[in-house]
Protein chains: 2
Amino acid sequence: MNAGGDPRGIRVAVSTVIFALEPGVSPEEFWAGGLDTALRAYSTGESSSLGRTLWMPLVRRLREPGEGRWALPGGWLDPEESLEAAAARTLEETTGVRPAYLEQLFTFGDPGRSPDERVVSVVYWALVRPEETSDAIDDPNVRWFDPDRTRGLAFDHDTIIEYALGRLRTKLGYSQIAHAFLEPTFTLAELREVYEIVLQRPLDPANFRRAVESSGAVVDTGELRTGTPHRPPKLYRPVHPADAGPGGFVRVPIAPHLRRS
Amino acid sequence: MNAGGDPRGIRVAVSTVIFALEPGVSPEEFWAGGLDTALRAYSTGESSSLGRTLWMPLVRRLREPGEGRWALPGGWLDPEESLEAAAARTLEETTGVRPAYLEQLFTFGDPGRSPDERVVSVVYWALVRPEETSDAIDDPNVRWFDPDRTRGLAFDHDTIIEYALGRLRTKLGYSQIAHAFLEPTFTLAELREVYEIVLQRPLDPANFRRAVESSGAVVDTGELRTGTPHRPPKLYRPVHPADAGPGGFVRVPIAPHLRRS
DNA sequence: ACAAAAGTGTTAAACGTACACCCATGA
DNA sequence: TCATGGGTGTACGTTTAACACTTTTGT
């Protein structure tokens, strides 16, 4: 049983990989802003209709080890708080962001991850709504990055981000986490855009609509979004406010063909 | 950053959920043993052809908290070893079993999980070949259970086992972990039996064969298994010895329709 | 009226499933 | 030669995926 093993000297930390949609231009602003704004938005984009990508905040390390490098937000686990609470707390303390979705990702604990000390890091991943990213701390030591273009981070954080990206892309196919990127009501075009940005490929609007509708994942609110230059789209809301479960294991398949690649 | 947080008092433990196929009767023994053995095997079984089920070893707790109750094998993390090494070590120390497959499952760390102390438990799950279960320690404080019929375990271990079972069943559909239950070469009937036992439903032999063959997950060795009373089946081996990856994230889909339920 | 996005319909190919059938062996 | 599991063929319903088409609005 090794009951005599002495774990003193092992410290427990918590880090979080946060994903958001790049704020870009909201549909209202997009059209309200006129051609100038629209063109500016278009000119920055490559793949998606509004040129948005994923975004994630990183914090600059202010002390050794890894001083000066960018790293995932995190901190030490308090003896009294749960792991998830620690993730939420350290996330807010360092970046000002409150996640709409928070799930444990993996625990990294190799000896030698961090010099001198033995650190076991429980890593969470989070999704935040674009609105909430505006609460983010305005600090030169917090900066938002495209997660596909982050390299040279402190510790093993490059690996962790890659792993989290894979999990996000995979999980879109059998869960309803896409809603965590959106406001309480949304159009199917907005939902489809989330999938297109995350999966990095275009989806057929007609087939996407049928897949989502037949999955029962969303409900028609009966309202329309007005102010668009074209036919006003219906507004939908998620059936389930969130899908929690221990480790987020609740599976509500949306559409088989929305799996990655 | 909360760099002043003092994690002293938090101990890190490692536990493992081990799955094996109930040894039951091997194909050779089954037929060699004649009708008596065959009937005995059949009489105990419900769903599967040989009546085998999943099996997992638990250890009896010898001290408080939870003294006398059955629990997952585990122990404390040594300051010098990796999490995975700790899982393998404590597994062997307590049960004598060496896993063919070992993957991190989840980290449980709620305050109050264990009275008095704050314990963060990194839980792994493992698959072992039936041959290796014979190395298991013969000890009244180690006993094998049907994972669907374990209740009243120490701590939150009931929850953990349920979660691990879900992960096993799900992962069968997009990974090659089924091989970890089998010997280096196997017939497709044996592989199918693994799926049937784990998924708890019968599979069409013809369609299963085509699905597995077209997936490229197995290779025909060119040899046949002899000694059966009927047509000798081909022997196959896995293409990949194992699929590791950080957190076992390597996805090699076998067959879409082999997903659970 | 026109442009453009919202939303519906239609079709062919791919896939999942069931099950009939032949093959090879020990008894 | 018979019984039985190994292995192949095939036909049918369902799902996926591509794209033509209709609807609705602001300009």
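Atom set for the values below is all heavy atoms of this structure, side chains included, hydrogens, waters and symmetry mates excluded. Note on naming: letters A, B, ... go to the chains in the order of the sequence lines (proteins, then strands), and numbering restarts at 1 for each one.
Taking atom CG of B:Leu224 as the reference point, atom P of C:dA24 lies 11 Å away to the nearest angstrom. The nearest whole Å value for the distance from the CG atom in A:Asp204 to the C1' atom in C:dT8 is 12 Å. When rounded to the nearest whole Å, the span between CG of A:Leu191 and P of C:dG7 equals 13 Å.
Closest non-hydrogen pair, B:Ala164 versus B:Leu105, comes out as CB-CD2, 3.8 Å.
Take the nearest nucleotide of DNA chain D for A:Arg210 and for B:Glu213: the residue whose nucleotide is more 5' is B:Glu213.
The side chain of B:Arg209 places an N or O atom within less than 4.0 Å of a non-bridging phosphate oxygen (OP1 or OP2) of D:dG7.
Residue contacts for B:Ala189: at a heavy-atom cut-off of 4.0 Å it reaches the sugar-phosphate backbone alone, with no base atom in range.
For A:Ser175 (side chain) and A:Lys171 (main-chain N/O), no donor-acceptor pair under 3.5 Å exists by modelled atom type.
Within 3.5 Å, a donor on the side chain of B:His230 pairs with an acceptor on the base of D:dT4, or the reverse. With hydrogens and angles ignored, no donor-acceptor pair closer than 3.5 Å exists between the side chain of B:Arg231 and the base of C:dA24.
Using a 4.0 Å cut-off between charged nitrogen and carboxylate oxygen, A:Arg151 and A:Asp146 do not count as a salt-bridge pair.
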Output, in order, the C-alpha distance, side-chain angles, deciding distance and verdict of side chain to side chain donor-acceptor pair (under 3.5 Å) for A:Glu193 and A:Tyr195. CA-CA 5 Å; A:Glu193 199 195 356; A:Tyr195 278 82; over 6 Å; no

